[in-house]
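In this text the structure is predicted, and so the values were computed from the model without any measurement. By convention in this document, chain letters (A, B, ...) are assigned in the order of the sequence lines, proteins followed by strands, and residues within each chain are numbered from 1.
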Protein chains: 2
Amino acid sequence: MLNPVSRKFRNFVRFSEAEEVELEHLVSARRFVRGPRVELGPRAALPDGLHVVLEGWACHYKVLPNGRRQITALCLPGDFCMDRASVLRQVCHSVGTLTAVTFAQLSLSAVDELSANYPRISTALAWQSEVQAAVQREWVVNLGQRGATERMAHLLCEIHMRLWMVDLAEHGSCEMPLTQADLAETMGLSAVHVNRVLQELRSAGLIVLRGRTLTIPNLDALREIAMFDPGYLHAEREGRHLDANEWAA
Amino acid sequence: MLNPVSRKFRNFVRFSEAEEVELEHLVSARRFVRGPRVELGPRAALPDGLHVVLEGWACHYKVLPNGRRQITALCLPGDFCMDRASVLRQVCHSVGTLTAVTFAQLSLSAVDELSANYPRISTALAWQSEVQAAVQREWVVNLGQRGATERMAHLLCEIHMRLWMVDLAEHGSCEMPLTQADLAETMGLSAVHVNRVLQELRSAGLIVLRGRTLTIPNLDALREIAMFDPGYLHAEREGRHLDANEWAA
DNA sequence: CGCCCTGTTGAGTTTTATCAATATTGGTGG
DNA sequence: CCACCAATATTGATAAAACTCAACAGGGCG
């Protein structure tokens, strides 16, 4: 199986052999692993450069003076933990792992070189950055406008879709290693209320959540009540015009 | 007075004469004006290229199937309405004006050329994009973790600070043309509740909000209860090492 | 004058948080 | 395999926060 970055990019472009090889090489260069529930930044043991999650789940979060924590982004396999801009300056929020995580550490210069030589890769990077921003916007909508149940449903839809984009979800199921406390910090709810909302979704037959596995018997139904419109993830292979193989043969 | 883009960038870099001139030229090229409360995108009358607000307030928002609207970002003078990445693809959220707005329309090629010739400008653009992302993250924190009163206080602190960064705020006061309904759609609250929260802040002597003017008698006090940490706006002239004049004389 | 937009107020309801207790689970060492 | 532990999940009762509905006031403007 390809690395998750290539798998993710396939939702947007279709690379040539050479490009795939270059990407694989880029991502294989330097790796490091961290255990579950470890802080990685801003000042902690986070090496220089760009960071990509290869395996496991990480997150961005911020802790307020009153001690409450908000998770502002989930970093799933294939996701960049810190983008180019963040590298230039100290970030004022934290990065941490949720499960054990394998990261790839990309040097900025290597990425720049690749971007310069392979414009399709450069575009794919811009695309991934745009998707990340769109997810962030969608979270604002989710927190601002949806009640607890629809909010939870939306998050689960998003997680499933994002994992699906990197071939880590089947038809209607995927991994979901977040605890109810994690979900609470992600959605701005109390852990107790998360529990009740999950039960509601369960007893409505909309989800099955056991152990670390989420099953969604009827994806359309869940999306309906979540008002989930997958468009913002731009997974529709819209970069058709960026198909390296379309001129072949 | 300089254009708001230059004013904003001064929070990060100190440009050379030549750079200032180039920026001024870039921003003066093509302008267009829209009335208040007009939709601008994604499909509506929005010309190609990058767009910057020169005067007035605009916003990004998304409307859900149930009719509720969430404002996901405020575009104040000096802010970019759509960044480079968004231009490459159709955006799935909308842009609209809140007041009457004057936009500058920047061609991508002009921006690219400027970036290539003036690395400091390129860095400033990256900085602005990072600040925008940080604001977005902060909104997630705000919606997720703060109660209505602190939430409102935080938004007002942010608005004041952002306007201050472009020389549109004095010591403790600035323009605030948003209606209570706008504030509600920004903060995920009902308009009625916004009204009550504002009264609470008023009677605590923390704000004076009359007409379109916001006055903050005691900025520190408001920031305290809002848990507002201005760090995320990166206004501390951190780009000192990017001072074009430091080698002069 | 009359209308529309914005802001204000009150009453009653729904949603969500908090606190505290109890069950369940997964993993660990004996 | 079992006993035990800590982390996680569940439940009930109560309180706080926020929403909805409905009515009304004020201001600007044709």
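- OP1 or OP2 of dT9(C) sits under 4.0 Å from a side-chain N or O of Gln199(B).
- Contacts of Gly211(B) with the nucleic acid, taken as non-hydrogen atoms under 4.0 Å apart, are absent.
- Nearest-nucleotide assignment on DNA chain C puts the 5′-proximal partner with Gly147(A), out of Arg210(A) and Gly147(A).
- Listed candidates were dT18(C), dT8(C), dC19(D). Nearest to the side chain of Gln180(B) is dT8(C).
- For Arg151(A) and dT16(C), the CZ to P distance is 7 Å, given to the nearest whole Å.
- Nearest to the side chain of Leu189(A), among dA18(D), dT16(C), dG10(C), sits dT16(C).
- Val95(A) has its side chain out of reach of His51(A): every pair of non-hydrogen atoms, C-beta onward, lies at least 4.5 Å apart.
- Note on Arg68(B): only backbone sugar-phosphate atoms sit closer than 4.0 angstrom, heavy atoms only; bases stay farther off.
- Inspection of the Gln136(B) and Gln132(B) side chains reveals no N or O donor paired with an N or O acceptor under 3.5 Å.
- The residue Leu198(A) sits apart from the nucleic acid: no heavy atom pair falls under 4.0 Å.
- With rounding to whole Å, Ile207(A) atom CD1 is found 14 Å from dA9(D) atom C1'.
- Applying the 4.0 Å criterion to OP1 and OP2 of dA9(D), one finds that Asn195(A) has every side-chain N and O outside that range.
- As rounded to whole Å, 15 Å separates atom C1' of dT8(C) from atom CG of Leu183(B).
- Whole-Å rounding puts the Glu185(B) CD to dA18(D) P distance at 18 Å.
- To the nearest angstrom, C1' of dT6(C) lies 12 Å from CG of Leu209(B).
- Between Asp79(A) and Arg162(A) a salt bridge is recorded (basic side-chain N to carboxylate O distance below 4.0 Å).
- Atom CE in Met176(A) sits about 13 Å away from atom C1' in dT8(D), given to the nearest Å.
- With rounding to whole Å, Gln145(A) atom CD is found 13 Å from dC19(D) atom C1'.
- Between the side chains of Arg137(B) and His60(A), no donor N or O sits under 3.5 Å from an acceptor N or O.
- The base of dG7(C) lies outside donor-acceptor range of the side chain of Arg196(B), with no N or O pair under 3.5 Å.
- Nucleic acid contact class of Thr179(B) (heavy atoms, under 4.0 Å, all strands): sugar-phosphate only.
- Using a 4.5 Å heavy-atom threshold, the side chains of Glu158(B) and Asn142(B) count as separate.
- Arg202(B) comes within 4.0 angstrom of sugar-phosphate atoms only, judged by non-hydrogen atoms across all strands, and of no base.
- Arg212(B) has its CZ atom 17 Å from the P atom of dG27(D), to the nearest Å.
- Checking dT6(C), dT9(C), dC19(D) against every side-chain atom of Arg37(B), the shortest atom distance belongs to dT6(C).
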